[in-house]
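Given the structure is predicted, the values throughout are model-derived calculations rather than measurements.
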Amino acid sequence: MKYTSYAILLLAVLSLNSCASIRKSKGVADKDMTASGLLKRMEKQRLSPDWFESRLRLDYADEDMSVSASATICMKKDSLLWLSVKKLGFEVARVQVTPDSVYVVDRFNKEYTIEGLAYLAESYGLPAGSLSELQDFILGNPVFFGGDELGIEPLGPTYRLRGGSDEMSAEYLIGTSDFLLKKMVFKDLRNEQEMSALLEGYEELEGEQKFPYIRNLMLESKYSGQANVTLQFSNIELNVPKPIKFDIPSRYTRAK
């Protein structure tokens with residue numbers, strides 16, 4: 001697996017500047033807090049709109065290159081995720097994810113890709129066992145996997161939750177004062193990949209729900225080394241239906 005500029009585009013379908021940001025949480029973790037009790041507190045912050053649209057700025061860097069792009073992302077709950085990526089004002093890629101498939105149109109190389117949803121987890125280590133998990137990740141909600149029960153550990157100004165399955169393990173850091181998600185770490189045990197996501201820039205969207213406008217992702221694989229991706233969301237609109245267009249030009253060839 002090799003990260004390229006188009007890998008970033010996929011990753012976007014799919015914040016905090018450093019661990020110092022996590023220390024901004026005030027208060028000390030309650031040693032008597034249970035995992036179920038913490039999940040009930042976190043549930044108040046969970047975003048679950050029928051429609052979600054946002055602008056995105058993407059910055060990607062690995063050992064070989066760095067690149068920036070802009071994008072528009074649109075999601076319909078449990079139905080689809082759509083992404084259009086632009087560079088210098090021109091669309092370079094369009095992505096659509098449905099409950100069972102991933103479609104990518106590469107304008108630059110005039111190619112397209114059609115894969116099963118497992119492609120995102122196998123190729124990029126994304127928490128995408130289902131479309132709903134991928135949408136939760138975009139919305140800044142914790143993505144939980146079936147299998148072991150969640151374990152909880154108090155860590156000063158944060159709580160740490162751990163859980164997962166035989167194929168994917170996950171770890172979460174949650175603030176003690178606001179019960180907002182500060183960090184997620186996913187380990188793809190089968191493909192020996194790891195992704196961490198730091199979340200910051202929380203602002204209120206609706207009711208008590210807050211959204212992390214900045215995400216810093218670190219991707220690591222034994223095959224391709226380390227890459228860093230920063231996602232900055234803006235102009236978010238909720239629960240407004242959007243026209244979705246996705247087609248593959250007949251002159252494009254299928255990527256090998």
Side-chain angles (χ1 to χ4, degrees), residues 1-15 52-76 79-128 131 134-135 137-138 188 191 193 195 197 213-237 242-256:
M1 181 182 89
K2 181 179 180 181
Y3 292 120
T4 67
S5 57
Y6 296 105
I8 322 168
L9 313 183
L10 252 311
L11 288 166
V13 222
L14 310 35
S15 308
F52 173 91
E53 184 182 54
S54 177
R55 298 285 181 85
L56 267 179
R57 175 181 169 84
L58 304 97
D59 296 290
Y60 173 93
D62 62 18
E63 296 177 356
D64 300 319
M65 68 174 188
S66 62
V67 63
S68 297
S70 61
T72 299
I73 184 170
C74 184
M75 300 191 302
K76 179 173 172 51
S79 296
L80 65 83
L81 184 153
W82 178 94
L83 180 77
S84 173
V85 183
K86 293 184 177 182
K87 183 73 175 175
L88 300 176
F90 296 95
E91 186 178 64
V92 295
R94 185 170 290 194
V95 180
Q96 181 170 282
V97 183
T98 66
D100 58 9
S101 301
V102 178
Y103 305 84
V104 182
V105 171
D106 177 350
R107 304 289 189 199
F108 186 79
N109 293 302
K110 294 182 171 53
E111 294 180 339
Y112 69 91
T113 298
I114 302 176
E115 297 285 351
L117 194 60
Y119 171 76
L120 294 176
E122 293 171 356
S123 298
Y124 304 102
L126 288 174
L131 176 61
L134 182 59
Q135 291 182 332
F137 179 75
I138 296 296
D188 183 342
N191 297 302
Q193 300 176 127
M195 185 194 71
Y213 278 75
I214 301 174
R215 319 282 176 86
N216 287 326
L217 312 182
M218 186 182 75
L219 314 156
E220 192 166 2
S221 166
K222 64 177 289 186
Y223 306 106
S224 57
Q226 183 174 306
N228 295 282
V229 182
T230 298
L231 307 178
Q232 297 184 56
F233 293 79
S234 64
N235 301 100
I236 293 176
E237 194 170 22
K242 301 292 181 180
I244 301 298
K245 182 179 180 180
F246 189 94
D247 53 41
I248 299 173
S250 58
R251 67 184 183 277
Y252 282 26
T253 58
R254 189 162 187 169
K256 296 180 180 180

Side-chain heavy-atom pair [X], [Y] within 4.5 angstrom cut-off:
{"X": "Lys87", "Y": "Val85", "result": "no"}
{"X": "Lys76", "Y": "Trp82", "result": "no"}
{"X": "Leu117", "Y": "Asp100", "result": "no"}
{"X": "Leu219", "Y": "Gln193", "result": "no"}
{"X": "Thr230", "Y": "Leu58", "result": "no"}
{"X": "Leu231", "Y": "Leu217", "result": "yes"}
{"X": "Phe52", "Y": "Ile73", "result": "yes"}
{"X": "Pro249", "Y": "Arg107", "result": "yes"}

Enter the distance from [X]:[atom1] to [Y]:[atom2] here, rounded to the nearest 0.5 Å.
{"X": "Arg55", "Y": "Glu237", "atom1": "CZ", "atom2": "CD", "value": "10.5 Å"}
{"X": "Leu56", "Y": "Ile138", "atom1": "CG", "atom2": "CD1", "value": "7.5 Å"}
{"X": "Gln232", "Y": "Arg215", "atom1": "CD", "atom2": "CZ", "value": "11.5 Å"}
{"X": "Tyr103", "Y": "Thr98", "atom1": "OH", "atom2": "OG1", "value": "5.0 Å"}
{"X": "Arg254", "Y": "Thr113", "atom1": "CZ", "atom2": "OG1", "value": "7.5 Å"}
{"X": "Leu83", "Y": "Met75", "atom1": "CG", "atom2": "CE", "value": "11.0 Å"}

Locate the shortest heavy-atom distance separating [X] from [Y]; write the atom from each residue and the value.
{"X": "Glu91", "Y": "Ser84", "result": "OE2-OG, 2.5 Å"}
{"X": "Ser54", "Y": "Ser234", "result": "OG-O, 3.1 Å"}
{"X": "Asp62", "Y": "Tyr60", "result": "OD2-OH, 2.9 Å"}
{"X": "Gln96", "Y": "Phe246", "result": "OE1-CB, 3.3 Å"}

How would you list, by chain and number, every residue that makes a salt bridge (Lys or Arg N to Asp or Glu O under 4.0 Å) with Arg57, sequence neighbours excluded?
Asp59
Count the heavy atoms of every other residue, nucleotide or ligand shown that sit under 6.0 Å from NZ of Lys86, and state whether that count exceeds 12.
no
Is there a donor-acceptor pair closer than 3.5 Å between any side-chain N or O of Lys110 and the backbone N or O of Thr253?
no
Backbone N/O of Glu63 and side chain of Gln226: donor-acceptor pair under 3.5 Å:
no
